[in-house]
Number of protein chains: 2
Amino acid sequence: MPKVTKKELKRESLLNQGVTMLMGQGYHGTGLQEILNAANIPKGSFYNYFGSKENFGAEVIQHYIDPFITQLAAHLQQSETDALSAIRRYFGELIVELEKNEFKGGCLLGNLMGEIGDSSEICRKSLQFAVGRYRDLLQSGLAKAQQQGTVRSDKTTEEMADLLINTWQGALLRMKIEKSSVPAKQCCKNLLEDFFKP
Amino acid sequence: MPKVTKKELKRESLLNQGVTMLMGQGYHGTGLQEILNAANIPKGSFYNYFGSKENFGAEVIQHYIDPFITQLAAHLQQSETDALSAIRRYFGELIVELEKNEFKGGCLLGNLMGEIGDSSEICRKSLQFAVGRYRDLLQSGLAKAQQQGTVRSDKTTEEMADLLINTWQGALLRMKIEKSSVPAKQCCKNLLEDFFKP
DNA sequence: GCTTATAATATGACCGGTCGTATTAATGCG
DNA sequence: CGCATTAATACGACCGGTCATATTATAAGC
């Protein structure tokens, strides 16, 4: 595989810092300069990597969801675990991470949907694409679980995946203001261990 | 009842404009000047009504939830309707309003939880209080419905109210980026007409 | 391979503007 | 006229983005 250039390293550093800071302070609450300071990149250089802050935001969104998709896919690919258990384990791991992080941040997708979902068309589309990618993977996991007989068959897996994602998003918002992982745990218990069961 | 003073009128106008603009553009995406222009109030006067932008934000949050609580309470007080039907009708009305508004804005509580839930302690507490008020009212409605035998009794009404609010919040975020009320409708269908049923 | 010219890339000072808040001035009322 | 209230103005900081310039990379000729 081709060697990663210095430019690509810097670009990725910007994206990583962008994820961290937009999660903590939101899109408009975070100035470019703060991100550039953290990534040690001068202002003028930023525009070699990204056309604008808005374009940068759209790419931060994709950069954010990538590891979640990788992690969920890895769970689903484990052949010795049934799909529903894989999904439960995946969310279990997320909850452990959120507790470690003292309930801060939540989900960047949810945060930005709320903040700039109406005001940035570029970011709205990036969010829609990211949520779609994530939801499609969850849906394929639920479909597998249906085949394995561990999930109810009278509801479409699209609808169940949507419900799961929406409830999870709402639970993470509650988590932030109540500083507790109880909402996230209840989401998993009520849907994955109750409502979705045959 | 005492006559409403001019000062109170101006204060309420600021809060109304604040709700509208924070919904559309978020907290940090909306400057005070924009709100003051819309309310026709000079910059210096703002500080007669509110100690800071942050305090203003916290009061906008309470001002935002008040009519929802009033509307839901009115539904629940109608003696000729059972509680579950009242809740369904309430959410049905919200969906109609959201469709009329072309799926913009969503829920200010959800938006601000995501954007400033970690960065403003004053607003976090206001959000927590507002969500608590709303949830408690929903919980009392679900408790009534349990008494009437229209809602399952093997789950606490606190937990069901939490699940309903969290899923609704997540559904409204999806609504914004997909410009569709389907997520909100699915939330009601799956929870109020399925999962919560005895 | 070295030197020079050219092209590409990187950069930080600067721009015009707005920010939230503090200070000062003006106005209204008893 | 004095005090309270309201409003105008000022302030220091920061915003996203631009651009003239500096630096680095590449190409061409010998």
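In what follows, every chain begins at residue 1, and chains take the letters A, B, ... in the order their sequences are listed.
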* Asked: Should B/Asn37 and B/Gln33 be marked as a side chain to side chain donor-acceptor pair (under 3.5 Å) after you check the CA-CA gap, both sets of side-chain angles, and the distance that decides it?
  -> CA-CA 6 Å; B/Asn37 289 347; B/Gln33 194 56 63; 2.8 Å; yes
* A/Ser52 or B/Lys10: which one's nearest nucleotide on DNA chain D is closer to the 5' end? ->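 Between the two, 5'-proximity favours B/Lys10.
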* Asked: Picking from C/dA10, D/dG16, C/dT21, which would you name as closest to the side chain of A/Lys7?
  ->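 Of the options given, the side chain of A/Lys7 lies nearest C/dA10.
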* Asked: OP1 or OP2 of D/dT5 less than 4.0 angstrom from a side-chain nitrogen or oxygen of B/Lys6, does that happen here?
  ->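 For D/dT5, OP1/OP2 do not have a side-chain N/O of B/Lys6 under 4.0 Å.
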* Would you kindly check if the NZ (Lys) or CZ (Arg) of A/Lys53 is within the cone defined by 45 degrees around the ring axis of A/Tyr27 and under 6.0 Å from the six-membered ring centre? =>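 Geometry flag: set, cation within 6.0 Å and 45°.
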* Please check if any side-chain donor atom of B/Glu54 sits under 3.5 Å from a side-chain acceptor atom of B/Ser120, or the reverse. =>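 Present: a donor and an acceptor within the cut-off.
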For [X] and [N], give me the distance from atom [atom1] to atom [atom2], rounded to whole Å.
| X | N | atom1 | atom2 | result |
| --- | --- | --- | --- | --- |
| A/Lys53 | D/dC15 | NZ | P | 8 Å |
| A/Leu32 | D/dG17 | CG | P | 7 Å |
| B/Phe56 | C/dG20 | CZ | C1' | 13 Å |

* Asked: Under a 4.0 Å heavy-atom cut-off, which of residues 33-51 of chain B touch DNA chain C?
  ->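 Within this stretch, B/Gln33, B/Lys43, B/Tyr47 sit under 4.0 Å of the strand.
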* To do: Report the distance from atom CZ of A/Arg11 to atom CG of A/Leu9, rounding to the nearest 0.5 Å.
  =>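 Between atom CZ of A/Arg11 and atom CG of A/Leu9 there are 12.0 Å.
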* How would you list, by chain and number, every residue that makes a side-chain hydrogen bond (donor to acceptor under 3.5 Å, both in side chains) with A/Tyr90, sequence neighbours excluded? ->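 A/Tyr90: side-chain hydrogen bond (donor to acceptor under 3.5 Å, both in side chains) contacts with A/Tyr134.
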* Asked: Taking only residues at least two apart or on different chains, which pairs with a member in residues 71-85 of chain B satisfy side-chain hydrogen bond (donor to acceptor under 3.5 Å, both in side chains)?
  ->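 Pairs touching residues 71-85 of chain B that pass the test: B/Gln71-B/Glu93, B/His75-B/Glu93, B/Asp82-B/Ser85.
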